[in-house]
Amino acid sequence: MALREILHFPDPRLRLRARPVDAVDDAIRALVDDMFETMYAAPGIGLAATQINVQKRILVADVSDDQSAPHCLINPEILSRAGEEEMDEGCLSVPGFYERVQRAERVRVRALNRDGEAFEMDIDGLLAVCIQHEIDHLDGKLFVDYLSTLKRNRIRKKLEKQAAKAPSERTSLAGSAVNL
């Protein structure tokens with residue numbers, strides 16, 4: 001397993017649409033393992049392959065407090081949405097920023113698991129928000145796209161300024177909300 005570098009907004013590679021996985025093999029399973037390791041180390045509760053510059057439709061998530069409920073979704077698709085929920089969201093690719101985003105409260109998803117087996121599941125609450133957030137990443141969309149142009153531009157400028165600083169001069173952008 002290996003830690004992968006997480007791309008940060010406004011990196012244009014975050015806007016690329018991921019391609020479906022043709023076959024789940026050992027290379028895909030190794031990528032999934034790397035994604036979990038990277039997500040947990042960040043720390044975050046969700047990570048899409050596009051965030052580590054791999055243009056494949058894979059996401060991992062674990063909203064438990066103790067890393068005991070890992071989910072791997074390969075080629076995920078949302079089959080249905082119900083209700084509305086507004087929640088503060090953060091993102092490993094937009095470090096240090098948290099904004100309210102409205103999403104479906106419940107979703108039904110279909111995907112392949114780490115072994116390539118198809119499954120469907122009904123999810124709600126934080127996991128539903130997380131899965132929707134990560135599927136957006138696979139489609140080249142970020143949570144900042146739900147914000148006003150003014151807020152999005154303010155965030156972009158602050159992150160560009162942070163990126164321009166030497167790594168040793170950067171300040172910590174850790175916050176108390178969860179990073180998806």
With a 4.5 Å cut-off on side-chain heavy atoms, are [Y] and [X] touching?
X    : Y    : result
F143 : S93  : no
M35  : C72  : no
V94  : H8   : no
Q132 : R81  : yes
I52  : L7   : no
L112 : F119 : no
E37  : R4   : no
D34  : L3   : no

Would you say [X] and [Y] are hydrophobically clustered, going by side-chain heavy atoms of ILVMFWY under 4.5 Å?
X    : Y    : answer
L73  : V54  : no
V21  : F36  : yes
L147 : L14  : yes
Y146 : L159 : yes
I6   : F97  : no

| field | Residue from V129, L126, D62 passing side chain to side chain contact (heavy atoms under 4.5 Å, CB included) with I45 | value |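 Of the listed options, the one satisfying the test is L126.
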| query | Among V109, I58, L59, which residue meets the side chain to side chain contact (heavy atoms under 4.5 Å, CB included) test with P76? | reply |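 Filter result, single survivor: L59.
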[X] bridged to [Y] by N-O distance under 4.0 Å:
X    : Y    : value
R103 : E86  : no
R154 : E99  : yes
R15  : D145 : yes
D139 : K141 : no

Please report the interatomic distance [atom1]([X]) to [atom2]([Y]), rounded to the nearest 0.5 Å.
X    : Y    : atom1 : atom2 : result
R156 : K151 : CZ    : NZ    : 15.5 Å
E160 : N153 : CD    : CG    : 9.0 Å
T50  : D11  : OG1   : CG    : 11.0 Å
D33  : I28  : CG    : CD1   : 11.5 Å
Y98  : C91  : OH    : SG    : 10.0 Å
H133 : L138 : NE2   : CG    : 10.5 Å

| task | Compare every heavy atom of R114 with every heavy atom of V24, then report the nearest pair and how far apart it is. | result |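 Result for this residue pair: CG1-O, 3.2 Å.
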| said: Restricting to non-hydrogen atoms, name the atom on A61 and the atom on C130 that form the minimum distance, rounded to 0.1 Å. | reply: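 In this case the closest contact between A61 and C130 is CB-SG, 3.8 Å.
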| task | Tell me, with the steps shown, if Q51 and L92 meet side chain to side chain contact (heavy atoms under 4.5 Å, CB included). | result | CA-CA 8 Å; Q51 290 178 272; L92 295 174; 4.1 Å; yes
| query | When you look at CG of D22, are more than 12 heavy atoms from neighbouring residues, nucleotides or ligands closer to it than 6.0 Å? | reply |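 Incorrect, the count does not exceed 12.
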| task | Any chance you could lay out the side chain to side chain contact (heavy atoms under 4.5 Å, CB included) test for E84 and E105, step after step, and finish with the verdict? | result | CA-CA 5 Å; E84 289 182 359; E105 181 180 21; 5.9 Å; no
| Non-neighbouring partners of L79 that pass side chain to side chain contact (heavy atoms under 4.5 Å, CB included), sequence neighbours left out |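 Partners of L79 under the side chain to side chain contact (heavy atoms under 4.5 Å, CB included) test: E77, R108, R110, E120.
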| task | Show your reasoning for whether side chain to side chain contact (heavy atoms under 4.5 Å, CB included) applies to S80 and V107. | result | CA-CA 6 Å; S80 65; V107 294; over 6 Å; no
| message | Apply side chain to side chain contact (heavy atoms under 4.5 Å, CB included) to residues I131 and E134 and explain how you reach the verdict. | response | CA-CA 5 Å; I131 298 296; E134 302 309 332; 5.9 Å; no
| Are the side chain of R57 and the backbone N or O of I74 linked by a donor-acceptor pair below 3.5 Å? |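 Judged by distance alone, no pair lies under 3.5 Å.
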| request: Give a yes or no answer on whether the side chain of N113 reaches the backbone of D115 with a donor-acceptor pair at less than 3.5 Å. | output: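 Between the backbone of D115 and the side chain of N113 there is a qualifying donor-acceptor contact (under 3.5 Å).
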